[in-house]
Amino acid sequence: MASPSSDLDRERRKCTFNVAELTDIINGGREKTERRQYLESLVLNEPIFNYDDYYFLSREEKYSDAVKKTVRLVQVLKQHNIEDPEDYQTLLKYVLNLNLPIALHNSMFRPTIRDQGTDEQRKKWLPLANDYKIIGTYAQTELGHGTFIRGLETTSTYDPKREEFVLNTPTLTATKWWPGCLGKTSTHAVVMAQLYIKNQCYGIHSFIIQLRSLKDHSPMPGVTVGDIGNKVGLETNDNGFLAMDNVRIPRENMLMRHAQVYPDGTYRKPANSKLVYGTMVLLRATVVSESATNLSKAATIAIRYSCVRRQTEAKPGELEPQIIDYVTQQHKLVPQLATAYAFAWIARYMMSTYHALHADIESGHLGALQELHGISSGLKAFTAEMSVSGIEVCRRACGGHGFSAASGLVSMYKDRLPSCTYEGENTVLYLQTARFLLKCFRQPSITPSSMSYIQVKPLPGARWGVKSPEDLMKPILLVEAFEHRAQRTIKSAAQFLESQISQGLDTSEAMNRSGIEFVRCAKAHCYYFVTRNFFQSTALLKCSKEIKESLLTLGVVFALNGIADNSGEFLEDCFITGTQMEFVRERILYCYKQLRPNLVGLVDAFAFADQSLNSALGAYDGDVYNRLYNWAKRAPLNKTDVHSSYHKYLKPILKSKI
Ligand SMILES: CCCCCC(=O)SCCNC(=O)CCNC(=O)[C@H](O)C(C)(C)COP(=O)(O)OP(=O)(O)OC[C@H]1O[C@@H](n2cnc3c(N)ncnc32)[C@H](O)[C@@H]1OP(=O)(O)O
Ligand SMILES: Cc1cc2nc3c(=O)[nH]c(=O)nc-3n(C[C@H](O)[C@H](O)[C@H](O)COP(=O)(O)OP(=O)(O)OC[C@H]3O[C@@H](n4cnc5c(N)ncnc54)[C@H](O)[C@@H]3O)c2cc1C
């Protein structure tokens with residue numbers, strides 16, 4: 001058998017481009033790479049951030065270990081004056097390999113205060129939160145409602161005599177359920193509740209509630225709080241429940257940047273009722289980025305392993321091939337790699353669009369709200385869905401060892417799975433994007449320039465301009481196919497809705513009956529958007545010819561697999577012919593061959609530290625078998641040669657007389 005590490009060495013020598021150059025491109029420039037390396041150096045050298053035996057820990061141990069790591073992380077951040085949220089994101093993405101029990105503090109609690117608090121509220125709460133003197137979460141979802149926010153039952157009733165709000169959980173179903181870091185860690189929460197003043201309900205608003213004593217962490221009077229129990233994954237996170245019984249907070253604890261309650265109980269409504277949903281939009285944009293990162297990690301593990309793993313001699317006596325040389329294996333993994341790259345670029349687009357539109361909103365241009373919501377909802381759902389299914393493809397592609405926790409892919413899959421549910425269930429979000437697409441379809445005036453394609457009506461009888469397999473290397477033709485599909489499915493969803501209404505259904509029933517068409521067009525739009533963005537952005541890069549070629553080929557793989565996997569949608573109006581579909585399949589194989597020498601280089605370029613992959617199969621040196629063996633030897637069951645269950649149970653039957 002060939003040595004696994006020499007297999008990877010050989011792969012690295014075959015690579016046609018400079019991996020460090022591509023790493024800089026992925027990071028967004030040399031300076032960003034250096035910053036990332038600096039941040040890595042602060043954390044990776046600390047034994048406390050070692051994850052070697054993480055997969056052996058129980059749920060409780062995992063939570064406790066995560067708290068320990070979190071506290072040390074906070075100390076490191078303070079010690080080195082690291083305050084930039086981008087640095088924190090970099091650490092989460094590339095260095096740490098766990099969901100922190102303060103995740104919600106940084107991703108939702110602080111941003112909600114920043115975006116929904118007045119200047120005085122920011123001044124009061126943000127220094128405490130930034131300094132981790134308090135730890136907060138975002139408590140919105142209840143036992144009875146997650147999706148339908150307007151249906152939340154928690155109440156916050158204004159008492160003008162004492163200038164206080166009184167928070168209550170009036171029913172079992174009003175109990176807050178799921179918020180991350182709520183069960184055991186957080187001292188405070190932004191709680192979303194129905195605002196009542198003089199018996200009138202004004203809808204959902206945000207309130208800051210103290211959950212636990214800052215002296216001894218015990219629950220505050222009237223607060224019942226705890227962990228919701230074991231889940232599929234996210235074992236380090238104490239997703240929690242919360243019930244409140246006449247919990248009083250000062251009037252100043254309602255976040256009043258957009259809506260205000262004055263001391264006498266006078267209410268001033270926000271300029272737009274959806275401003276209160278702002279933090280969710282930010283998180284949806286972040287999910288796009290996390291989906292990209294995690295799929296990149298999974299592809300790194302599975303591709304390195306597939307270059308090391310050898311199976312089934314082709315001819316007697318010959319060295320068994322590396323499994324990556326089976327085209328079926330390439331057909332599993334290369335599309336995941338291509339998707340990871342396409343997502344890395346759409347994530348960058350999503351974050352910059354978020355910041356630009358958020359700035360517009362802050363300066364009073366509220367029209368940007370629906371654009372941002374329309375774009376971010378679909379992209380969150382699309383990237384989460386493809387990333388999660390891609391991670392599972394990578395896991396299975398590792399065969400038996402993919403089922404071992406040591407692969408790193410099992411926990412990755414389990415921890416990413418809820419990204420399809422949290423921050424807006426995917427179907428629900430696709431439906432929101434579809435609503436926006438249909439609105440743009442009908443009203444050119446509200447259509448953002450990035451979506452102006454919707455205004456171009458697809459010509460009946462339009463045909464794809466591809467004449468040969470070589471034409472499939474032309475981004476313009478690939479983007480055209482996705483654009484056509486998106487235009488056609490949006491138009492068809494609009495027509496379907498109209499047909500339902502013309503049959504006499506009321507709007508909500510007609511919308512419900514059109515749901516499948518809506519989701520179809522939202523997915524088609526997202527595929528188009530991601531493909532177009534990848535080709536447009538990578539075409540502008542100043543880099544070596546070899547890197548450009550590899551990126552172009554990855555883009556072609558992403559696009560062609562999208563066409564092959566959704567072939568019915570391109571064939572049903574004869575836009576693509578059967579012959580062109582044969583070209584597609586042929587070109588996919590061609591691209592795999594082109595990319596084959598560079599596969600390890602393309603995953604090395606993500607530059608994940610071994611610690612952040614925490615995988616016996618995917619480490620940089622490829623020393624898979626030693627890692628698996630040494631890891632298994634450390635398993636708790638192997639602490640003794642004879643297990644205690646032998647003495648308790650096995651021995652009596654083994655010793656009993658037949
Ligand atoms: C690390 C993990 C952390 C995880 C943290 C969490 O999960 S925190 C919890 C996350 N929870 C969620 O994401 C809940 C998901 N649910 C929602 O966001 C929302 O309830 C919903 C979008 C589905 C529907 O909201 P509503 O019922 O208020 O809205 P409704 O259906 O009446 O739509 C009214 C109009 O508002 C628009 N609208 C809805 N949300 C909007 C938003 N954030 N920004 C701008 N506009 C928005 C709609 O497009 C629609 O426009 P038009 O009428 O013009 O078409
Ligand atoms: C790991 C995890 C962490 C979370 N963290 C937090 C947190 O920190 N804070 C917080 O407040 N919440 C949190 N949540 C809650 C999360 O945001 C909700 O679970 C999510 O928004 C989905 O809502 P739901 O559970 O009500 O699902 P449901 O809406 O009940 O969905 C069930 C099914 O019904 C369908 N459905 C529902 N409504 C519609 C509709 N209008 N049209 C068509 N189909 C529909 C869905 O598509 C889905 O198939 C978390 C959840 C998880 C799993």
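Both ligands and their constituent atoms are indexed starting at 1 by order of listing.
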Less than 3.5 Å apart, N/O on ligand 2 and N/O on the protein: could you list those pairs with the distances?
{"unit_1": "ligand 2", "atom_1": "5 (N)", "unit_2": "Trp178", "atom_2": "O", "d": "3.4"}
{"unit_1": "ligand 2", "atom_1": "8 (O)", "unit_2": "Gly180", "atom_2": "N", "d": "3.0"}
{"unit_1": "ligand 2", "atom_1": "9 (N)", "unit_2": "Tyr138", "atom_2": "O", "d": "2.9"}
{"unit_1": "ligand 2", "atom_1": "11 (O)", "unit_2": "Gln140", "atom_2": "N", "d": "3.0"}
{"unit_1": "ligand 2", "atom_1": "11 (O)", "unit_2": "Thr141", "atom_2": "N", "d": "2.8"}
{"unit_1": "ligand 2", "atom_1": "11 (O)", "unit_2": "Thr141", "atom_2": "OG1", "d": "3.1"}
{"unit_1": "ligand 2", "atom_1": "12 (N)", "unit_2": "Thr141", "atom_2": "OG1", "d": "2.6"}
{"unit_1": "ligand 2", "atom_1": "23 (O)", "unit_2": "Thr147", "atom_2": "N", "d": "3.4"}
{"unit_1": "ligand 2", "atom_1": "23 (O)", "unit_2": "Thr147", "atom_2": "OG1", "d": "3.4"}
{"unit_1": "ligand 2", "atom_1": "26 (O)", "unit_2": "Gly146", "atom_2": "N", "d": "2.9"}
{"unit_1": "ligand 2", "atom_1": "26 (O)", "unit_2": "Thr147", "atom_2": "N", "d": "3.1"}
{"unit_1": "ligand 2", "atom_1": "29 (O)", "unit_2": "Thr147", "atom_2": "OG1", "d": "2.5"}
{"unit_1": "ligand 2", "atom_1": "47 (O)", "unit_2": "Glu425", "atom_2": "OE1", "d": "2.5"}

- Message: Please enumerate all residues that pass salt bridge (Lys or Arg N to Asp or Glu O under 4.0 Å) together with Asp227, with sequence neighbours excluded.
- Response: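 Applying salt bridge (Lys or Arg N to Asp or Glu O under 4.0 Å) to Asp227 gives Arg59.
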- Query: Which residue pairs pass the side chain to side chain donor-acceptor pair (under 3.5 Å) test when at least one of the two sits in residues 139-156, sequence neighbours left out?
  - Reply: Tyr138-Gln140, Glu142-Thr154, Glu142-Lys176, Glu153-Thr171, Glu153-Thr173
Between [Y] and [X], do the side chains contain a donor N or O and an acceptor N or O under 3.5 Å apart?
{"X": "Gln432", "Y": "Arg435", "result": "no"}
{"X": "His525", "Y": "Tyr430", "result": "no"}
{"X": "Glu569", "Y": "Tyr527", "result": "no"}
{"X": "Ser387", "Y": "Asn294", "result": "no"}
{"X": "Ser419", "Y": "Glu290", "result": "no"}
{"X": "Ser514", "Y": "Glu517", "result": "no"}
{"X": "Asn614", "Y": "Tyr54", "result": "no"}

Return the closest protein heavy atom for [atom] as residue, atom name and distance.
{"atom": "atom 14 (C) of ligand 1", "result": "Gly146 O, 3.5 Å"}
{"atom": "atom 35 (C) of ligand 1", "result": "Lys274 CE, 3.8 Å"}
{"atom": "atom 55 (O) of ligand 1", "result": "Arg435 NE, 2.8 Å"}
{"atom": "atom 4 (C) of ligand 1", "result": "Glu423 OE1, 3.4 Å"}
{"atom": "atom 12 (C) of ligand 1", "result": "Met280 SD, 3.3 Å"}
{"atom": "atom 17 (C) of ligand 1", "result": "Ile149 CD1, 3.4 Å"}

Measure from [atom] to every heavy atom in [options] and give the option owning the shortest one.
{"atom": "atom 2 (C) of ligand 1", "options": "Trp178, Tyr277, Tyr422, Phe436", "value": "Tyr422"}
{"atom": "atom 9 (C) of ligand 1", "options": "Gln140, Met108, His373", "value": "Gln140"}
{"atom": "atom 30 (P) of ligand 1", "options": "Arg150, Glu290, Lys439", "value": "Arg150"}

Report the part of [X] (side chain from C-beta onward, or backbone N, CA, C, O) that has a heavy atom under 4.0 Å from ligand 1; answer both or neither where that applies.
{"X": "Val281", "result": "side chain"}
{"X": "Val428", "result": "side chain"}
{"X": "Arg284", "result": "side chain"}

- Query: Does even one non-hydrogen atom of Ser107 get within less than 4.0 Å of ligand 1?
  - Reply: no
- Test item, Glu425 contacting ligand 1 (heavy atom, 4.0 angstrom):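 No, that is not the case, since the closest heavy atom of the residue is not under 4.0 Å from the ligand.
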- Measure centre to centre between the rings of His205 and Tyr267, then say whether the value is under 6.0 Å. yes
- Item | Pairwise distance CZ(Arg284) to OG1(Thr286) - rounded to 0.5 angstrom |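 Taking CZ in Arg284 and OG1 in Thr286, the distance rounds to 11.0 Å.
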- Item | Straight-line distance of Thr224 OG1 to Leu211 CG, nearest 0.5 Å | 11.0 Å
- Query: Should you measure from each heavy atom of Gly424, which atoms of ligand 1 turn up under 4.0 Å away?
  - Reply: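 Atoms satisfying the 4.0 Å criterion: 12 (C), 13 (O), 15 (C).
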- Message: Applying ring-ring contact (aromatic ring centres under 6.0 Å, His included), can you list everything that pairs with Tyr132, at least two apart in sequence or on another chain?
- Response: His105
- Message: I want to know if ligand 1 touches Thr147 in the polar sense, i.e. an N/O pair below 3.5 angstrom.
- Response: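 N/O-N/O distance under 3.5 Å: yes.
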- Message: Below the 3.5 angstrom mark, is there an N/O of Gln432, backbone or side chain, next to an N/O of ligand 1?
- Response: yes
- Message: Check whether Phe382 forms a cation-pi arrangement with Lys523 (NZ or CZ under 6.0 Å from the six-membered ring centre, at most 45° off the ring normal).
- Response: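 No cation-pi geometry.
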